[in-house]
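Reviewing the structure listed below.
Quick note: residue numbers are just sequence positions, from 1.
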Amino acid sequence: MPADDSPAVASLDDDDYPAYTMGRAAAILGTTPAFLRALGEARLITPLRSEGGHRRYSRYQLRIASRARELVDQGTPIEAACRIIILEDQLEEALRLNEEMRRRHTEPTRAESSVHEG
């Protein structure tokens, strides 16, 4: 059994670790390997490759693929689903950055704090 601080154990908690083969990923999502290949062709997700050249997927990539599957199941063409997901991701990042900037703007700087205390 590996030690708790070994790289193998640490990778179990890593959302970006490519732990899933294409077949396993497809089974988890309830889809086909062809669907996962289509997501790769649309450049929504880019699986890593094993030393043997086989596609490997991370949990983060499976979450993205799951969202794509949800949209496709609702009748959205795969190319449109991929674009929607990319735009959702960009919006989430922009909102996060906006909130971070807002917090920085409203927090007094150290120099301002010392002026008000003195």
Side-chain angles (χ1 to χ4, degrees):
M1 184 175 240
D4 286 346
D5 60 347
S6 73
V9 172
S11 64
L12 293 175
D13 292 330
D14 185 355
D15 269 359
D16 295 318
Y17 181 74
Y20 303 97
T21 63
M22 177 180 275
R24 182 72 183 126
I28 289 169
L29 297 171
T31 191
T32 64
F35 180 77
L36 292 172
R37 279 193 295 275
L39 295 180
E41 290 167 10
R43 297 190 178 169
L44 181 63
I45 56 176
T46 304
L48 276 83
R49 299 283 182 149
S50 68
E51 289 181 19
H54 299 283
R55 291 173 179 88
R56 306 283 297 194
Y57 296 88
S58 68
R59 287 192 312 227
Y60 174 74
Q61 290 173 322
L62 293 186
R63 283 195 299 273
I64 292 171
S66 176
R67 176 70 177 127
R69 165 97 197 268
E70 184 181 301
L71 290 169
V72 169
D73 286 350
Q74 294 172 2
T76 306
I78 196 164
E79 296 82 11
C82 292
R83 185 67 182 140
I84 288 167
I85 294 166
I86 289 167
L87 290 170
E88 287 174 342
D89 189 56
Q90 289 173 345
L91 175 60
E92 184 178 319
E93 178 67 7
L95 291 171
R96 185 189 65 76
L97 290 171
N98 192 3
E99 181 59 31
E100 186 178 302
M101 290 174 68
R102 184 177 290 122
R103 258 194 314 264
R104 265 195 252 147
H105 181 70
T106 58
E107 292 175 359
T109 64
R110 287 184 181 175
E112 290 172 344
S113 295
S114 64
V115 168
H116 294 295
E117 292 173 2

_Selection residues 92-101 - residue pairs positive for salt bridge (charged side-chain N to carboxylate O under 4.0 Å, His left out), sequence neighbours left out_ = E93-R96, R96-E100, E99-R102, E99-R103, E100-R104
What pairs with [X] under side chain to side chain contact (heavy atoms under 4.5 Å, CB included), at least two apart in sequence or on another chain?
| X | answer |
| --- | --- |
| R24 | Y20, T21, A27, I28 |
| A94 | none |
| A65 | L29, L36, L39, I45 |
| E51 | none |

*Who else is in L97's hydrophobic cluster (ILVMFWY, side-chain heavy atoms under 4.5 Å, direct or via others)?*
none
*Members other than L48 in its cluster, when Ile, Leu, Val, Met, Phe, Trp, Tyr link by side-chain heavy atoms under 4.5 Å?*
none
*With sequence neighbours excluded, tell me which residues meet salt bridge (charged side-chain N to carboxylate O under 4.0 Å, His left out) with R49.*
none
*Single-linkage hydrophobic cluster Y17~I64, side-chain heavy atoms < 4.5 angstrom*: no
As an exercise, state the distance from [atom1] of [X] to [atom2] of [Y], rounded to the nearest 0.5 Å.
| X | Y | atom1 | atom2 | answer |
| --- | --- | --- | --- | --- |
| Y57 | D16 | OH | CG | 15.5 Å |
| L91 | N98 | CG | CG | 10.5 Å |
| R37 | R55 | CZ | CZ | 6.0 Å |
| R83 | L44 | CZ | CG | 11.0 Å |

*Give the minimum heavy-atom separation between R56 and P47, together with the two atoms involved.*
O-CB, 3.4 Å
*Contact summary for A42 and C82, nearest pair of heavy atoms*: CB-SG, 3.6 Å
_With sequence neighbours excluded, residues passing side chain to side chain donor-acceptor pair (under 3.5 Å) with D73_ = R69
*With sequence neighbours left out, write down each residue that passes side chain to side chain donor-acceptor pair (under 3.5 Å) with E88, or none if nothing qualifies.*
R67
*Look only at the side chain of T76 and the backbone of L71, and say whether a donor-acceptor pair between them is shorter than 3.5 Å.*
yes
